[in-house]
Amino acid sequence: MILWLIVALVGLYLMAPVLVVIATSFTATAYPVFPPQGFTWRWFGEVLASPEYLAAMRFSTALAAASTAIATVLGTLAALGLVRGRFRGQTAISALFLSPIFFPAIVLGLALLIFFNWVGLAGTFPGMVAAHAVLTTPFVIRMVSASLAEFDPAVEEAAKNLGASAMRTFFLVTLPLIRPGVVAGAVFAFIISFDELVVSLFLAGPGMQTLPIRIFTSLEYSSRPSVSAVSTLLILVWLVVGVPLYRRFLDVRHT
Amino acid sequence: MTTYDLEMQGLRKIYGDSVAVDAVTLSLGKGEMVALLGPSGCGKTTTLRMVAGFVEPSAGRILLDGRDITHVPANQRDTGMVFQSYALFPHMTVRRNVAFGLRCRHLPEDEVRRRTAEAIELVGLGSFEERYPRQLSGGQQQRVALARVLVLRPKLLLFDEPLSNLDAKLRVQMRQEIRRLQKDVGITALFVTHDQDEASSIADRIAVMNAGRIEQAGTPAEIYNEPATRFVADFIGTSNLIDGVAETSGDGRMTFRADAGGVFAARGRASTGARGALCIRPEKVDICPPGVAGAREGIVRRTARTAGMMEYVVVLTDGPELTVQEQLRHGIAPREDGALVGVVLREEDTQFLVG
Amino acid sequence: MRQKGAALVLPNFAWLALFMLGPLITLFVISFRTYEAGRGIQDAWTIAHYVAFVADPYHLGILLRTLRLGIEVTAWCLVLGFPMAYGLSRLRGTPRALLYFVVLLPLLTSAVVRTFGWMIVLSNNGFINRTLIDLGVIDSPIRFMYSMLGIVVALVQVLLPFMVLALDAALLNIDPRVYEAARNLGASRLRVFLQITLPLSLPGILSGSVLVFTLAISAFVTPSLIGGPRVPVMATLIYQQGMSLLNWPFGGAIAFVMLATVVVLFLIAMRLARQERGT
């Protein structure tokens with residue numbers, strides 16, 4: 001009994017900020033208050049009519065799309081090598097490849113800022129794409145590895161035994177079988193990049209505002225319920241796309 | 001006081017709308033080892049877990065040494081359970097595993113130490129006291145699991161398929177050892193298994209379970225020679241089961257008409273016209289040259305050689321098919337496929353089973 | 001030995017070498033360069049930045065505050081995470097999936113968004129303070145915003161999922177028959193928890209704690225929005241040095257102190273895990 005009471009209270013605590021943000025995006029007051037007062041769709045309208053928010057969304061989308069493309073290729077190849085290959089230093093390579101997931105972003109951000117400043121990539125779109133690819137590739141590797149681990153490598157051997165070349169085996173057997181993992185990895189990479197803040201803060205040049213940067217800067221000064229509205233939109237996207245992916249991602253970690 | 005140590009009275013367990021265990025009534029005498037035998041999903045493990053206190057019965061009572069323990073918490077039942085996975089505490093050494101139950105009983109430390117050492121010695125693991133379970137072989141882990149419950153001198157030992165994770169040779173050896181230890185300490189035991197050889201060799205009595213019910217309880221010989229139901233006849237060993245109807249009956253003897261043709265004499269009681277099956281073990285059928293007096297005739301259809309034995313499928317001229325086993329003795333040539341042979345079905349080996 | 005599959009990992013290795021390892025090495029080198037205000041990074045070598053970080057009381061204070069933040073957040077995550085994981089491990093089917101979703105929720109919301117949610121709840125006239133004042137529990141609002149307390153409240157919520165997942169994995173690893181064996185041998189529920197559950201979930205406690213501590217001391221968004229300039233921690237200090245003051249050598253030194261803390265912790269945890277396995 002006491003256990004379930006604690007579980008319920010902690011569960012409420014875990015949900016609190018999300019519930020609050022969603023609720024305040026409908027408040028009729030001029031600033032976000034909880035519990036909300038009145039009801040209005042006005043703030044969503046304001047977001048969708050705001051040139052700054054729309055520009056930030058466009059920029060984040062472009063950045064996420066470009067880095068996802070790179071991450072998907074790098075990650076799929078890496079997963080194939082890590083799962084199917086057998087080479088020296090494999091464990092170390094695997095740990096290195098997954099390390100960006102938990103690596104302190106604040107350190108990587110500063111390091112990239114200094115390095116890019118030196119090589120002339122600071123404040124450029126390609127520089128941000130390169131950094132985001134580093135951050136998102138591990139998620140592709142995880143998802144593709146899961147797909148690879150799920151099917152029997154004997155299927156590939158069967159294809160080769162039937163006379164298929166390595167190329168043909170990959171494109172006709174392996175790739176179709178791991179496609180769900182590749183797609184899931186790409187979607188995961190996209191939302192991770194779309195959400196990224198810290199490294200972007202270091203690398204964004206003048207006029208390059210991602211959606212998280214836009215929200216972050218508006219929070220540092222004053223906030224209007226339109227911030228709640230745009231956050232609610234982000235939460236919805238996460239819930240629709242992210243939940244099934246995260247479950248899969250975590251299942252992999254347990255095995 | 002009763003002469004029984006463990007009594008299960010009308011035990012039932014219902015999960016949602018499926019009945020896992022249905023009206024199980026069984027009594028174990030003092031020092032007796034009874035095997036609950038049945039296919040997987042027959043309710044034997046659920047029954048055991050109700051006795052241990054891990055599953056709350058939906059109905060019925062459990063009496064241990066005359067005391068009703070149906071609602072006593074699992075940790076106060078004084079039963080010693082050996083699990084299929086052994087369930088040793090992976091973070092404790094052999095010694096601490098064995099001492100665990102004694103410590104729960106807050107016994108003085110020197111007694112804990114003495115009894116622990118004795119129990120470990122009893123199962124022959126004296127030099128492994130400080131090892132962790134993962135550093136032991138399967139058979140050794142099994143012995144620790146045994147010592148861990150024997151040290152408590154419980155009223156009742158419970159075995160949940162304890163040998164199924166061992167290889168075949170070790171299984172036979174541990175069977176004998178468990179049997180010996182149980183007789184030495186004289187503790188009543190309930191032993192769950194799906195392996196009929198194991199049940200026959202380890203238990204004083206066997207209770208065959210199917211679909212949540214006990215189909216028959218008796219000594220291994222009774223179960224084998226006089227199966228009470230069609231399920232038991234089919235599950236224990238191999239049987240010829242010939243479908244048909246009872247014709248005349250009286251005095252424990254009857255005649256039987258097979259659906260496929262032919263009339264047979266058999267043991268059993270049934271009202272005229274009752275449907276059932278004729279049961280006869282393949283090794284109880286004698287095979288002889290055709291024309292011998294009292295023998296039926298048939299044609300050998302399939303032959304198979306097993307170790308020291310020939311197995312034939314004989315199609316009787318009356319109609320039914322029989323599986324027949326014949327010991328290969330020196331000088332006897334195996335029967336050929338298609339050969340005409342005689343078979344002798346003795347009345348005392350032929351049993352009618354209703355259903 | 002044939003290096004099968006090595007070619008496939010090469011592209012990503014090159015990418016990481018160029019955009020992660022290379023920059024980190026650059027940062028490391030820069031952290032030993034002298035810096036002069038107005039003239040920027042000089043060519044001379046020095047360890048002054050590392051010395052300054054531990055010798056200067058203001059900076060040492062930030063280091064200690066960051067470590068304290070890590071310890072407090074980890075402790076709270078353990079206290080709140082254990083009942084959650086324990087409850088989770090006792091559920092099956094849909095109830096488990098639902099609770100799992102609740103636990104994962106913080107990971108499914110962007111850092112800025114959930115911090116924003118806390119800012120609304122925790123402000124001086126926010127939901128919590130108004131409720132407590134209305135109930136007569138307190139007279140004046142509790143300072144959550146721009147205080148350690150607020151950072152801890154918000155960070156524990158974000159990092160609790162990692163702890164619960166680590167503990168849940170450890171609890172799932174325990175054969176449930178082991179609990180039954182302990183009960184059968186006469187152990188009370190309390191004894192089962194203290195002598196079986198707790199020691200057997202130690203690997204999860206360890207890995208969860210290291211992960212939460214690491215993420216807590218390197219967190220940036222929450223301390224910078226809820227703590228603000230009044231409660232600087234290492235991460236906000238790094239950002240300030242890198243972006244406002246442009247003292248990259250000093251920022252680099254702080255970054256490597258943070259990294260060193262993280263690495264040392266991971267090594268200790270691995271060592272303990274190996275001892276725990278008793279090999």
Side-chain angles (χ1 to χ4, degrees), chain A residues 3-4 6-7 10-11 13-18 20-21 24 32 34 74-75 77-78 80-82 84-88 93 96-97 100 102 104-108 110-115 118 130-131 133-134 137 195 197-198 202 212 215-216 219 227 231 234-235 238-239 242-243 246 250 254, chain C residues 1 3-6 8-9 11-13 15-16 19-20 22-24 26-27 30 80 83-84 86-87 99 101-114 116-121 127 157 160 165 169 211 214-215 218 220-221 225 235 238-239 242-243 248 251-252 255 258-259 262:
Chain A
L3 174 71
W4 299 118
I6 297 173
V7 167
V10 177
Y13 165 64
L14 288 173
M15 294 190 291
V18 174
V20 165
V21 167
T24 53
F34 184 84
L74 291 176
L77 290 176
L80 281 166
L82 287 174
R84 290 279 187 268
R86 193 65 56 219
F87 51 88
R88 227 167 337 129
I93 290 283
L96 171 70
F97 281 12
F102 293 118
I106 192 83
V107 175
L108 189 61
L110 180 64
L112 280 166
L113 171 69
I114 295 170
F115 182 71
W118 183 36
V134 167
T137 305
D195 232 25
L197 172 66
V198 179
F202 278 100
I215 300 175
F216 182 75
L219 287 183
V227 181
S231 301
L234 265 179
I235 291 169
W238 253 114
L239 290 189
V243 170
Y246 240 105
L250 291 160
H254 283 182
Chain C
M1 187 170 122
Q3 304 288 297
K4 186 183 161 213
L8 290 170
V9 303
N12 193 44
F13 186 81
W15 197 273
L16 287 182
F19 297 115
M20 185 172 165
L24 287 173
T26 311
L27 182 64
I30 291 259
L80 300 181
M84 286 306 266
Y86 194 65
L99 188 57
F101 169 73
V102 171
V103 167
L104 283 189
L105 199 60
L107 299 183
L108 298 173
T109 36
S110 90
V112 229
V113 170
R114 65 177 113 78
F116 172 48
W118 282 119
M119 289 166 74
I120 300 170
V121 185
F127 180 66
Q157 187 255 350
L160 194 54
L165 293 174
L211 191 55
T214 306
L215 293 172
S218 58
F220 169 72
V221 179
L225 286 176
I238 293 173
Y239 186 73
M243 295 296 282
W248 292 345
M258 181 190 275
L259 270 189
V262 169

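What you are looking at is a predicted structure, and each value in this text was computed from that prediction instead of being measured.
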Exercise. What option among Arg114(C), Met119(C), Met20(C) has the most heavy-atom pairs under 4.5 Å with chain A?
Worked result: Met20(C)

For this session: Could you check which of Ser110(C), Pro83(C), Ala255(C) has the highest count of heavy-atom pairs closer than 4.5 Å to chain A?
Result: Ser110(C)

Exercise. Would you say the side chain of Val102(C) lies within less than 4.5 Å of the side chain of Val10(A), judging by non-hydrogen atoms?
Worked result: no

Seminar exercise, completed: All heavy atoms of Leu14(A) vs all of Pro106(C), minimum pair found to be CD2-CG, 3.8 Å

Problem set entry | Interchain contact, Met258(C) with chain A, by part (heavy-atom threshold 4.5 Å) | side chain

Problem set entry | Main-chain N/O of Leu107(C) paired with Trp238(A) side-chain donor or acceptor, under 3.5 Å | no

Exercise. How far apart are the C-alpha atoms of Val9(C) and Phe87(A), what are their side-chain angles, what is the distance that settles it, and do they pass the side-chain contact (heavy atoms from CB on, under 4.5 Å) test?
Worked result: CA-CA 10 Å; Val9(C) 303; Phe87(A) 51 88; 3.9 Å; yes

Seminar exercise, completed: Turns out that what part of Leu3(A) lies under 4.5 Å from chain C's heavy atoms comes down to side chain

Problem set entry | Between Phe116(C), Phe101(C), Phe127(C), the one whose heavy-atom pairs under 4.5 Å with chain A are most numerous | Phe116(C)

Exercise. Any chance the rings of Tyr13(A) and Trp118(C) have centres within less than 6.0 Å?
Worked result: yes

Exercise. Taking C-beta and beyond as the side chain, do Phe13(C) and Leu96(A) meet within less than 4.5 Å on heavy atoms?
Worked result: yes

Exercise. Relative to chain A, which segment of Ile120(C) carries a heavy atom at a distance below 4.5 Å: side chain, backbone, both, or neither?
Worked result: side chain

Exercise. So what's closer than 4.5 Å to chain A heavy atoms on Ile30(C): side chain, backbone, both or neither?
Worked result: side chain

Problem set entry | Check: Leu259(C) and Pro104(A) side chains under 4.5 Å, non-hydrogen atoms | yes

For this session: Determine the minimum heavy-atom distance between Leu113(A) and Gly242(C), stating which atoms define it.
Result: CD2-O, 3.8 Å

Exercise. Given that the side chain runs from C-beta out, which part of Ser218(C) has a heavy atom under 4.5 Å from chain A: side chain, backbone, both or neither?
Worked result: both

For this session: For chain A, find which of Gly5(C), Pro11(C), Pro23(C), Gly117(C) contributes the most heavy-atom pairs closer than 4.5 angstrom.
Result: Pro23(C)

Problem set entry | Atom pair CG (Leu104(C)) and CG (Leu239(A)), whose distance is rounded to the nearest 0.5 Å | 11.0 Å

Exercise. Hey, do the aromatic rings of Phe202(A) and Tyr239(C) have their centres closer than 6.0 Å?
Worked result: yes

Seminar exercise, completed: When the 4.5 angstrom heavy-atom criterion is applied to Phe220(C) and chain A, the contacting part is side chain

Exercise. Given that the side chain runs from C-beta out, which part of Ile114(A) has a heavy atom under 4.5 Å from chain C: side chain, backbone, both or neither?
Worked result: both

